[in-house]
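Some notes on the structure that comes next.
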Amino acid sequence: MQFEKPATTNPIDQLKVVGKPVQRIDGELKTTGRARYAYEWHDPNLPYAYGYPVGSAIAKGQITSIDSAAAKKAPGVLGIVTALDVGNLQKGKLNTANLFGGSVIQHYHQVVAVVVAETFEQARAAAALLKVDYVPEKGAFDLRAEMANAKTPDPSTEPESSVGDFEAAFSTAAVTLDAEYTTPDQSHAMMEPHASIAAWDGDEVTVWTSSQMIDWWRSDFAITLGMDKEKVHLMSPFIGGGFGGKLFLRVDAVLAAFAANAVGRPVKVALPRPMISNNTTHRPATIQRIRIGAERDGKITAIGHESWSGDLPGGGPETAVMQTRLLYAGENRMTAMKLATLDLPEGNAMRAPGEAPGLMALEIAIDEMSEKLGMDPIEFRIKNDTLVDPENPERPFSHRDLIGCLKLGAEKFGWDQRKNPATRREGNWMIGMGVAAAFRNNLVMPSGARVKLDKDGIVTVETDMTDIGTGSYTIIAQTAAEMMGVGVDRVAVQLGDSRFPVSAGSGGQFGANSATSGVYAACVKLREAIASKLGFNSADVLFEDGEVKSGNRVVRLAEAAGVDGLVGEDTIEWGELTKTHQQSTFGGHFVEVGVDVATGETRIRRMLAVCAAGRILNPITARSQVIGAMTMGAGGALSEELAVDTRHGFFVNHDLAGYEVPVHADIPHQEVIFMDETDPYSSPMKAKGVGELGLCGVSAAIANAIYNATGIRVRHYPITLDKLIDELPNVA
């Protein structure tokens with residue numbers, strides 16, 4: 001199906017099932033422990049073995065030798081596969097770092113070997129006996145130190161933009177701001193580690209793994225192992241979190257395959273938690289400079305945003321300036337990105353790449369500007385709203401309601417009770433409110449599905465779409481139920497299997513909208529097949545209550561399917577609507593904090609997110625996504641930072657004891673409001689993504705609330721006690 005024109009009225013608009021708060025259909029499996037995650041697939045008839053990875057002890061250099069003699073003699077050891085054994089492997093198209101193979105070390109904890117044994121404990125013990133000799137090389141590990149050497153990235157990343165004469169407009173503006181903001185390296189810190197099981201049958205391999213993007217993994221897996229893609233079967237029906245860290249093929253799947261081939265048995269490999277931060281990907285640190293010029297009435301006349309980030313050779317920038325090209329009006333504009341070569345682990349996508357760290361800076365800057373102007377922060381944002389792409393005024397937004405989000409949020413949150421900075425006290429607590437705009441582009445991806453109708457009237461959906469805790473099973477079931485006129489209890493959903501049609505996968509906030517649109521397209525095909533078989537006119541056929549109706553004829557779905565059943569399969573493809581209309585999602589984040597007047601301890605008291613993201617397919621699963629994102633934003637504001645050892649090139653706090661993510665006690669109250677809207681330019685579902693919008697702007701809202709509470713402006717994340725305590729008021 002080609003989606004080339006804005007959607008008109010279609011069966012989804014009935015909203016008998018879609019848009020309803022249907023409980024997760026996979027919820028019982030997960031809460032009872034019956035949902036099998038990657039490492040948990042177990043056939044009692046198969047002789048599983050266990051692989052334990054060994055990571056490089058240096059960040060850059062060469063392996064000169066690997067002595068595995070002692071490890072081979074250890075109890076239970078079945079085999080050892082080293083990077084020198086497999087030699088140089090062809091890198092997958094989507095990986096920056098080499099996952100495994102060869103003597104070159106690109107980053108700390110790059111895997112140099114996998115030890116296979118009868119039990120996990122035996123494999124781990126034997127791995128400690130492996131002796132690896134290296135020739136270290138000098139590396140670059142400090143973004144600040146490498147700023148002067150940073151270069152303009154590949155033009156394909158659109159690293160620069162310019163409209164009007166920014167420098168002249170900024171230099172003559174009545175009120176200006178010129179400030180630097182920094183965000184640290186961050187870890188995905190998902191609950192389920194990177195884990196895989198591989199089993200060979202001749203020259204074919206089956207891999208149970210934890211992957212957000214089945215087809216991407218399958219393709220790069222085949223390239224890396226030098227085999228036919230058709231002989232690779234990947235399965236990932238349940239994923240315990242990914243946040244972008246499982247978008248691309250990871251080394252656990254590669255190791256499991258090599259190990260299983262070496263020992264002739266299925267092998268399980270899970271990356272130990274201390275290895276995940278350094279071995280896999282992370283959100284890169286940024287240094288950002290923002291300049292804003294405005295007239296005294298608050299109208300922005302000049303806005304400039306520059307960002308520096310780093311990555312391994314061949315990597316790309318953290319696109320932290322992208323939202324600044326679209327979020328606020330201003331005739332004179334400039335954005336630029338610079339990329340430094342760093343020998344740290346690979347920087348890559350983490351929930352809302354670009355917008356998340358970009359808004360951490362921009363939305364503080366907007367608050368600072370409003371203060372300079374003597375304007376309310378919400379009033380300043382509203383004054384500079386735009387209904388067209390500021391860099392291309394001929395291109396309107398398909399739907400934009402940032403103003404509605406900010407106004408409704410202010411009303412619900414009690415913004416009129418906000419005081420001047422450092423003036424509200426409750427005992428030892430200084431209280432403050434903060435706001436930030438939320439913005440995330442609406443992305444869409446081709447997505448396919450197969451829908452079957454059997455003789456019992458059961459509708460089965462098959463697609464390689466994944467569910468990373470986002471509710472894919474449920475919203476896909478709702479889509480099929482709406483299209484076929486049945487209840488959700490009459491729909492079976494099968495996901496995460498490479499034998500199924502290729503879907504959008506889970507990432508970039510494109511999963512829900514794209515995947516359900518693919519199911520919509522497949523259901524259209526199935527509806528046409530049913531109508532054709534029954535001799536109905538497909539234009540006026542009605543599917544409801546488990547029946548097919550046309551004129552005076554009514555046929556049960558089960559009867560229409562017949563003994564052999566019917567199948568519809570299709571893929572949604574996207575036309576040029578994203579070129580003619582800018583498609584984005586918007587929101588407003590509101591936060592109230594308390595800051596201890598003596599210690600600087602910050603406590604979040606309440607949070608509100610108001611989101612404008614097209615049709616909400618399921619308010620329960622959508623809310624779950626937003627509150628999870630809000631929680632991640634709290635971590636980004638207050639605690640999350642991968643500490644870099646700039647001497648030896650690794651992240652020091654590489655486990656969940658040292659890398660501090662928020663816990664229940666940190667988040668006392670969260671509220672989410674969805675604006676009632678649809679966007680027919682987006683998809684047949686008239687929906688958009690929301691899972692990353694919920695993160696964008698949260699950290700800045702917290703930072704702005706801390707300023708309102710204390711009068712202390714912190715521009716460098718995370719906002720820890722040491723950044724506040726020296727400037728707290730004297731309470732002696």
Got a donor-acceptor contact below 3.5 angstrom from the H305 side chain to the Q288 backbone?
no

Passes side chain to side chain contact (heavy atoms under 4.5 Å, CB included), K246 versus I468? Steps please.
CA-CA 10 Å; K246 296 173 182 175; I468 55 174; over 6 Å; no

CG of N618 to OG1 of T470: how many Å apart, nearest 0.5 Å?
11.0 Å

Under a 4.0 Å N-O cut-off, is there an ion pair linking K16 with D545?
no

Looking at K229 and D215, is there a salt bridge between them, counting it only when a charged N and a carboxylate O are closer than 4.0 Å?
yes

Give a yes or no on whether the backbone of W308 and the side-chain of R289 come within a donor-acceptor separation of less than 3.5 Å.
no

Any side-chain heavy-atom pair of I12 and Y520 under 4.5 Å:
yes

Does the pair E692/R351 count as a salt bridge with the N-to-O cut at 4.0 Å?
no

Does one side chain, of E346 or N348, offer a donor that lies under 3.5 Å from an acceptor on the other?
yes

Is there a donor-acceptor contact under 3.5 Å linking the side chains of T286 and T183?
yes

Does any N or O in the side chain of Q670 come within less than 3.5 Å of the main-chain N or O of I627, such that one atom is a donor and the other an acceptor?
yes

I300 and I292, any side-chain heavy atoms less than 4.5 Å apart
yes

Heavy-atom donor-acceptor pair, S683 side chain to K686 backbone, under 3.5 Å
yes

Could you give me the CA-CA distance, side-chain angles and deciding distance for Q583 and S398, then say whether side chain to side chain donor-acceptor pair (under 3.5 Å) is met?
CA-CA 6 Å; Q583 297 182 23; S398 61; 5.1 Å; no

Does the side chain of F439 come within less than 4.5 Å of C696's, by heavy atoms?
no

Would you say the side chain of F543 lies within less than 4.5 Å of the side chain of L557, judging by non-hydrogen atoms?
yes

If we count only N and O atoms by modelled type, under 3.5 Å, do the side chains of S219 and K93 hold a donor and an acceptor together?
no

Parallel, tilted or perpendicular: rings of W216 and F248 (30°, 60°):
parallel

Is R291 close enough and on-axis enough to F170, meaning under 6.0 Å and within 45°, for cation-pi?
yes

Main-chain N/O of P153 paired to T157 side chain as donor or acceptor, under 3.5 Å:
no

How long is the span from the CD atom in E573 to the OG atom in S517, to the nearest 0.5 Å?
12.0 Å

Quick one, D464 with S498, criterion side chain to side chain contact (heavy atoms under 4.5 Å, CB included). Give me CA distance, side-chain angles, the key distance, then yes/no.
CA-CA 6 Å; D464 80 358; S498 64; 5.6 Å; no

Are M675 and V610 close enough that some pair of their side-chain heavy atoms sits under 4.5 Å apart?
yes

Return yes if some donor-acceptor pair links the side-chain N/O of S447 with the main-chain N/O of S503 below 3.5 Å, else return no.
no

Among R325, R333, R395, R400, find the residue that satisfies the salt bridge (Lys or Arg N to Asp or Glu O under 4.0 Å) test when tested with D389.
R395

Given side chains that start at C-beta, do those of W217 and L94 come closer than 4.5 Å, heavy atoms only?
no

Would you say S584 and N441 are linked by a side-chain donor-acceptor pair, where the criterion is simply a distance under 3.5 Å?
yes

Keeping the roles fixed (side chain from Q509, backbone from L693), state whether a donor-acceptor pair exists under 3.5 Å.
yes

Can a donor-acceptor pair be found, under 3.5 Å and without considering hydrogens, that links the side chain of S236 to the backbone of T209?
yes

As a quick check of understanding, evaluate side chain to side chain contact (heavy atoms under 4.5 Å, CB included) for T474 and I476, giving each step before the final call.
CA-CA 5 Å; T474 309; I476 284 174; over 6 Å; no

From Q212 CD over to M190 CE, what is the distance, rounded to the nearest 0.5 angstrom?
7.5 Å

Under 6.0 Å between ring centres, would you say that holds for F238 and Y473?
yes

Is it the case that more than 12 heavy atoms not belonging to D676 sit under 6.0 Å from its CG atom?
no

For N513 and F510, indicate whether the former's side chain and the latter's backbone hold a donor-acceptor pair under 3.5 Å.
no

To the closest 0.5 Å, what do you measure between CG (N442) and CZ (F397)?
12.0 Å

Roughly how far, to the nearest 0.5 Å, is the CG atom of L402 from the NZ atom of K407?
11.0 Å

Side chain proximity check, E363 to L327, heavy atoms < 4.5 angstrom
yes

Are the side chain of S532 and the backbone N or O of E528 linked by a donor-acceptor pair below 3.5 Å?
no

Any non-hydrogen side-chain atom of L566 less than 4.5 Å from a side-chain atom of K452?
no

Once rounded to the nearest 0.5 Å, what's the spacing between atom CG of D154 and atom CG of L339?
10.0 Å

Please step through side chain to side chain contact (heavy atoms under 4.5 Å, CB included) for the pair M685 and D679, ending with a clear verdict.
CA-CA 8 Å; M685 306 299 293; D679 190 339; over 6 Å; no

